[in-house]
Each structure stands twice: as structure tokens, then as C-alpha cells.
Amino acid sequence: MDLLPIQLEILIRQAIHAAQAAGDLPEFDLPESLTVQRADPAHGDYASPAALQLAKAARRKPLDIATAVAAHMPAVDYVGAITAAPPGFLNIRLADDWVLEQVEAIIAARDDVFALEIGAGQRAQVECVSANPTGPITVGRTRGGVIGSTMANLLAALGYAVELEYYFNNAGRQMQMLGRSLQARYLEALGLAFELPAEGYQGDYLIELAKQLVAEHADALKDESWERFKTLAEVAIFEWIEASLNRIHMKFDEFFNENSLYESSAVWEVLEALEQRGYVYRSVLHAAATDEERAQVKPGAKEAVWFRSTAFGDEKDRVLVKSTGEPTYVLPDIAYHKNKLDRGFHYLVNVLGTDHIIEAQTVARGLEAIGYDPEPVHVLLHQFVTLFEGGEKRRMSTRKGEYVTLDELVADVGADVVRYFILARSPNSHLDFDLDLARTQANENPVYYIQNAHVRCAGIFRQVAESDLDTTPPADLSLLGEQERAFVRKLLELPEIMVQAYTELAPHKLAFYALELAREFHPMYENVRVLHSEVPHDVARARLRLYAAAQMVFKRLLTLMGMSAPDVM
RNA sequence: GUGCCUGUAGCUCAGUGGAUUAGAGCGCUUGUCUACGGAACAAGAAGUCGGGGGUUCGAAUCCCUCCAGGCACGCCA
């Protein structure tokens with residue numbers, strides 16, 4: 001079944017046509033979409049301002065249109081009442097019986113509760129983190145990881161077969177510098193003469209790693225090249241990275257090495273494809289260079305290979321191969337995305353920091369230029385993380401060894417808090433991560449409020465197991481009161497939130513919904529007791545079904561966010 | 001300088017055209033409870049939605065302009 005707002009929109013359309021056929025409304029063209037949204041509970045479950053939108057075309061008062069639509073609304077089991085309200089809203093209330101039936105449907109679905117089929121039979125891939133293995137995972141990269149893994153969980157719930165991928169480059173100047181830095185630290189640990197490169201990596205982790213190497217190999221490596229040390233560093237750092245990410249419940253299916261695109265010559269095939277289609281030229285300067293730029297060209301300057309990206313709306317052409325003969329990052333990146341599409345993924349998400357926006361656009365243009373449709377590639381950009389400690393902004397640099405690692409953060413506040421803290425804001429908003437605040441507020445956190453809802457449900461069932469209450473279904477759910485029914489209505493919002501988070505690439509919607517749901521749960525828990533001498537057994541049994549459903553949904557929600565759903569805290 | 005993002009309660013942030021009083025968490029004030037885990041519940045104070053102008057039946061939301069912060073404008077990745 002489609003989501004309720006979609007169903008309701010269809011019903012409203014049918015009602016309009018019926019009203020027109022009956023002569024209660026004049027003929028007019030309907031817009032492509034009519035708004036149906038969640039309503040203030042005082043008004044109903046859903047509301048539609050459709051009549052207000054149609055007033056002009058129909059040349060009738062909005063309230064008259066709404067009244068006519070309400071009168072001709074087709075009867076279905078899930079709609080209880082539809083009424084017109086000034087100035088022309090349609091208020092729709094779900095049928096009570098139908099709402100109560102959903103309690104059993106939720107329980108029956110278990111861990112798959114609210115699973116959807118949007119992506120059924122399709123493959124999706126989420127790429128995130130993708131930091132080169134030059135040091136520990138920092139807080140900045142963590143944001144992309146949390147967002148990416150949540151999107152991956154979400155896509156799986158929508159029916160996609162999902163893979164999580166990490167793209168990296170273990171060649172290049174950065175990695176050479178890493179190798180040389182480790183080499184220096186190794187010689188230092190042996191007490192030999194050493195020189196840390198001027199642009200070298202200064203983090204303590206290389207000193208630690210060097211000590212390990214001495215412990216394992218003594219001085220056997222002292223005459224090895226920097227390449228050997230680069231490999232040693234890379235292997236060790238990747239182990240750390242994977243372990244760190246595992247701590248926040250992230251597991252990658254694939255680590256994709258950029259270098260494989262050279263080994264398979266995929267990079268050069270892309271260049272050839274671009275060339276064949278006429279989007280490549282060789283020149284010292286880009287085609288739209290100004291006279292001023294031309295005047296500054298030094299004699300004997302070598303030509304570079306350019307991508308005519310302006311043919312696809314770019315503001316300037318981009319270099320594919322430098323005058324040194326070495327490709328820029330652009331070329332392998334296009335090859336990488338071609339590779340992803342060739343692997344048969346139907347839906348791709350790239351989680352990137354906003355500083356990579358140009359890169360994302362260039363890749364899309366490159367794919368188009370070689371005849372690929374970039375439509376399946378969805379770019380989820382997130383703003384930066386600024387870390388504060390002691391009221392001061394902490395500037396991060398992996399190379400200088402200035403950073404706060406994910407591990408430190410997890411050690412301070414725990415994995416669930418890290419994930420929720422990051423997830424509970426729009427990717428579009430700058431994230432000020434105040435370390436002191438995170439530490440002191442660890443116990444005053446929404447995370448615990450949400451998880452406590454799950455704990456309380458689990459607690460009830462622990463107690464029930466020791467009581468003499470007969471828990472075998474069925475239970476008479478009609479014994480549930482208003483507060484309980486309102487809560488079930490809130491539970492039923494989750495699939496709509498999931499679809500919104502998916503279509504808008506906005507995983508933070510899950511985090512806010514979780515808090516709202518907990519906010520409705522706890523007051524109910526205070527009032528709606530199960531095990532109490534004054535609660536009749538049949539009422540207690542009905543309430544147990546409610547709490548079983550609540551527990552199921554909280555677990556689903558926490559799992560989607562990559563958080564744990566504890567039974568005790 | 002140009003483009004993109006951001007500016008909403010003391011703090012951290014939702015909400016980006018729809019329903020008299022603009023929401024949440026934290027913090028603050030005042031209460032509740034010898035019933036399933038109190039990391040709870042209830043009540044309250046707190047906002048010129050950065051400033052100004054415009055469009056609309058209706059604007060935090062769209063348009064213009066100004067102010068403030070971030071990011072991007074490389075033959076770096």
C-alpha cells in the first residue's frame with residue numbers, strides 16, 4: 001500500500017471528479033499535485049489546503065469547494081471522517097478501528113516494521129568517508145560517515161540491496177610524505193640519525209607505529225625505502241580506521257582503490273571516450289582564457305589536456321591531464337563513477353563535504369559527456385564540523401597532528417551519543433561540536449530519553465514474564481484510550497518520515513521524529529500502566545500489545561540511525 | 001569580487017508558502033510521585049524568525065537589497 005498522504009490525494013481527486021459529475025463543482029483542470037500533509041491533531045490526522053489552491057481555477061469560494069469534496073469523498077476503511085473547515089481546509093481523520101488494527105500489523109512485522117518496497121529489486125550504493133589513509137579518522141570525516149551509514153540503513157529499509165563503499169587513493173604526494181615520515185620516526189626510534197620531512201606528518205600515531213615496528217622487526221627495516229614504510233603505514237592506519245568506524249556501528253562492504261582504475265586502464269578509456277566525442281582539447285590555457293592570462297604564459301609552457309565541461313553548463317573548462325602528463329583527480333573520479341554505474345547500481349549516494357561541490361558537478365558533466373546518465377548519482381553535501389573546546393575553536397590538520405579523533409570522542413561520550421549528535425542536525429547546517437558540552441551533557445542527552453522509551457517497554461515485559469497475567473493474543477484493542485490511540489497515530493508517521501528522509505536526502509528527519517515519538521511515549525507511560533492492581537486484566541492485555549508495538553518501532557528507528565536499542569540502561 | 005550554504009528562545013537546533021498565541025532539546029523557575037527503571041511527569045518564564053523593502057487571500061518560508069559567519073572559485077585531492 002502507498003503512503004497514506006498519497007492515497008488520500010488520490011481519494012481527493014476522485015471526490016473532485018465525482019463532485020463535478022454531480023454538478024456540485026464546475027469543470028476545471030487539476031494541478032499535478034495536491035498538498036496533503038500531517039495536521040495538528042486538534043484538526044485531524046491529515047489536512048489538505050487543496051480547496052484553497054483550486055479556488056482561482058474553479059472560481060468558487062474555497063470553503064464551498066472543500067464542502068463539496070468532503071461530500072463526495074469515496075468511502076474507504078482507513079478514513080474515519082473528512083470535514084471542511086474555514087477558510088477552506090479539508091481535515092481528514094483516520095478511522096479508529098483501522099488505527100487499532102495497525103498495532104497488530106506492527107507487531108507481526110517485527111524487525112521489518114514499516115519496510116517499504118520503493119527500491120525492491122534494485123541495488124543501491126552509498127559512498128562516504130573516503131579519507132586517504134594518512135591518519136586516524138577525525139570528527140569532520142565522521143559526520144559524512146554517520147550520514148552515509150544512516151542513508152544506507154534507510155535505503156535497505158526501502159527495499160534496496162545496499163552496499164557501503166569507501167574510496168581511497170594510496171598513491172600520490174600525501175602518501176609519499178606519510179611513508180617518509182614513518183621512515184624518519186622509525187630511525188628515530190632506533191636512535192639513528194633521522195630527518196622528518198618539512199611537510200611531513202607530525203602526529204603521535206606515527207611515533208607509536210614506529211615503536212611497534214622496532215618491537216617487531218628490530219633494525220631490520222633500517223635500509224628499506226620510503227615505499228616500504230608507506231605500505232606499512234597504510235596497512236596499520238586502515239586497520240585503525242576500520243576499527244574506529246566499527247565503534248560507531250559502521251561496516252564497509254568495499255574499499256575501492258583509485259589505483260585499480262589505472263591498472264585496468266579504465267582512466268585512459270574514459271579519456272579516449274571523451275576525446276572521441278569531441279570534449280577534449282590540448283592547450284596551455286583553457287579556451288576562454290583572457291588576453292591578460294595569455295600574456296602571462298611563459299614561453300615554452302607545456303600543453304595540458306582539457307575537458308570542455310563548459311559544453312555542459314560549467315563556468316570554465318577543467319584540466320584532465322596536467323602538462324606533466326599526470327592526470328588530475330577529475331579524470332579518475334569520472335572513471336570511478338562510470339565504474340559504479342557499470343556495476344549495475346540503480347541508486348547512488350555520494351556523501352561529501354561542501355568543499356567538494358565542484359568535484360561532484362564535474363563528475364556529473366563528465367558522465368554526461370561519455371554518454372552516461374548521471375541521474376542515479378545523488379550527492380549529499382554536508383557543511384563542516386567546527387570543534388570547540390574550552391570555548392576555543394580547534395583548527396584541524398591531520399598533517400600537523402592537530403585533530404580530535406573519532407576514538408577520543410567515542411571514549412568521551414559513547415557511540416550512540418556521537419551518532420545522534422551528528423544526525424540531529426540538517427547536513428546543510430554548520431555543526432559546532434562543543435567537546436565540553438558533549439562531555440557534560442552526556443547524561444542530559446536526548447539520546448537517553450529516546451533509548452529509555454525502549455528500555456521501559458523491555459522493563460514491562462520483564463515484569464510481565466514474572467506475573468500471572470495471561471498474555472496470549474488476541475487482545476481487545478478497543479479497550480485502549482485516547483492517549484494510546486494518539487500514540488499509535490504517531491507511530492504510523494514513521495514510514496512517511498522514512499520516505500521524506502530518502503527523497504530529500506535528509507537523514508536528520510529520523511532523529512527529530514525519534515525525539516517527538518519519545519516525547520509522546522513517556523507521558524503515556526506515566527498514565528497508561530499495565531501491571532497495577534486497579535488495571536483489569538483485559539485492559540492490561542490490550543496495553544501490552546500497544547507497548548509491544550511501541551518497542552518494535554523504537555527499535556526500528558534506533559537501528560535505522562545506527563544506534564543501539566538497549567533493554568536496560 | 002562572483003557563486004553556494006547559514007543567520008529562528010540564554011545555548012544547540014527543527015520548521016523553507018498554509019490554520020488566531022512560531023516549535024523541540026538543554027539551561028532557568030515552580031510543582032508531582034512509597035505502582036512496570038526518575039536518564040520520568042506537570043506547569044511556567046523566555047523570540048523585532050539578522051535589518052529594510054516588495055509579491056500573495058496568506059511569508060520564518062518566495063523576490064530585491066543590506067549586514068554577519070562558513071565554503072568554493074588551482075595543471076591540490
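Residue numbering restarts at 1 for every chain, and letters A, B, ... go by the order of the sequence lines.
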Task: Distance between P atoms of B:rG51 and B:rC36 (Å, rounded) - done: 49 Å
- [ ] Measure from CG on A:Leu34 to C1' on B:rG17 and round the result to the nearest Å.
- [x] 16 Å
Task: Whole-Å P distance, B:rA45 and B:rU6 - done: 32 Å
Open item on the list: Testing the 3.5 Å rule here: is there a donor-acceptor pair between the side chains of A:Arg541 and A:Thr472?
Closed with: no
- [ ] Could you check whether A:Phe89 gets within reach of a base, just the sugar-phosphate, or nothing at all, counting any heavy atom under 4.0 Å?
- [x] base
Open item on the list: Go nucleotide by nucleotide along RNA chain B from the 5' end; which of A:Pro523 and A:Tyr547 gets its closest nucleotide reached first?
Closed with: A:Tyr547
Open item on the list: If you assign A:Asp355 and A:Glu303 each to the RNA chain B nucleotide with the nearest heavy atom, which residue ends up on the more 5' nucleotide?
Closed with: A:Asp355
TODO: Using a heavy-atom cut-off of under 4.0 Å over every strand shown, decide if A:Ser467 touches base, sugar-phosphate, or nothing.
DONE: nothing
TODO: For the residue pair A:Phe256 and A:Tyr336, categorise the inter-ring angle as parallel (less than 30°), tilted (30 to 60°) or perpendicular (more than 60°).
DONE: tilted
Open item on the list: I'd like the C1' distance from B:rG37 over to B:rU12, given in whole Å.
Closed with: 28 Å
Task: Whole-Å C1' distance, B:rA9 and B:rA60 - done: 14 Å
Task: Whole-Å P distance, B:rU8 and B:rC13 - done: 9 Å
TODO: Pick base, sugar-phosphate or nothing for A:Asn91, based on heavy-atom distances below 4.0 Å to the nucleic acid.
DONE: base
- [ ] Kindly check if the number of other-residue, nucleotide or ligand heavy atoms within 6.0 Å of CZ (A:Arg294) is above 12?
- [x] yes
- [ ] Tell me what A:Val568 touches on the nucleic acid: a base, only sugar-phosphate, or nothing, going by heavy atoms under 4.0 Å.
- [x] base
- [ ] For A:His508, answer base if it contacts any base atom (sugar-phosphate contacts may also be present), sugar-phosphate if it contacts only those atoms, and nothing otherwise; contact means non-hydrogen atoms under 4.0 Å.
- [x] sugar-phosphate
TODO: For B:rC62 versus B:rU16, give the span between their C1' atoms, rounded off to a whole number of Å.
DONE: 9 Å
Open item on the list: Can you tell me how far apart OH (A:Tyr279) and CG (A:Asp317) are? Round to the nearest 0.5 Å.
Closed with: 12.0 Å
TODO: Look at all strands and tell whether A:His430 reaches a base, only sugar-phosphate, or nothing, counting heavy atoms closer than 4.0 Å.
DONE: base
Open item on the list: Considering every strand and a 4.0 Å limit on heavy-atom distances, what is the contact class for A:Val528: base, sugar-phosphate, or nothing?
Closed with: base
Open item on the list: Regarding A:Tyr329, tell me which of base, sugar-phosphate or nothing describes its non-hydrogen contacts under 4.0 Å with the strands shown.
Closed with: base
Task: Integer angstrom distance from the P of B:rU55 to that of B:rC64 - done: 15 Å
Task: Base B:rC75 to side chain A:Thr324, donor-acceptor N/O within 3.5 Å cut-off - done: no
TODO: Ignoring backbone atoms, establish whether A:Arg462 has a side-chain N or O less than 4.0 Å from OP1 or OP2 of B:rC36.
DONE: no
